[in-house]
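Heavy atoms only: backbone and side chains are in, while hydrogens, waters and symmetry mates are out.
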Amino acid sequence: MAMSSRHVMIEFQQKSALTNYYLVMLQSGKLNPDEKSLIFPAIFAKIDTGLIKSSNTTDDLLQVLASLKKY
């Protein structure tokens, strides 16, 4: 139970950071449609129990972070 709670906390911290990044880029006018299509699924991905059920979640997050590293 504790590990699940910790995982959920970390997931939402990551979602918060991506949301803040999205809002800053949106306000500055530097957000392109490709970034938006990468960020939205990561922000709105469903977290049921805190346990990762597929490896796609990690791959998607790594893809988002790699694309953001360009800036």
Got a sec, which residues hit ring pair (Phe, Tyr, Trp, His ring centres under 6.0 Å) with F12, two or more places apart in sequence or on another chain? none

Going by the rule side chain to side chain contact (heavy atoms under 4.5 Å, CB included), which residues pair with T19 if we only count those two or more places apart in sequence or in a different chain? L23, I43

When rounded to the nearest 0.5 angstrom, what distance separates CE in M9 from CD in Q14? 10.5 Å

Atom of P41, atom of K36 and distance for their closest heavy-atom approach: CD-O, 4.3 Å

Side-chain contact, heavy-atom cut-off 4.5 Å: F40 with E35? no

Indicate yes or no for a side-chain donor-acceptor contact from K15 to the backbone of I10 under 3.5 Å, with no hydrogens or angles considered. no

Could you see if L26 belongs to whatever hydrophobic cluster contains Y21? Use Ile, Leu, Val, Met, Phe, Trp, Tyr and a side-chain cutoff under 4.5 Å. yes

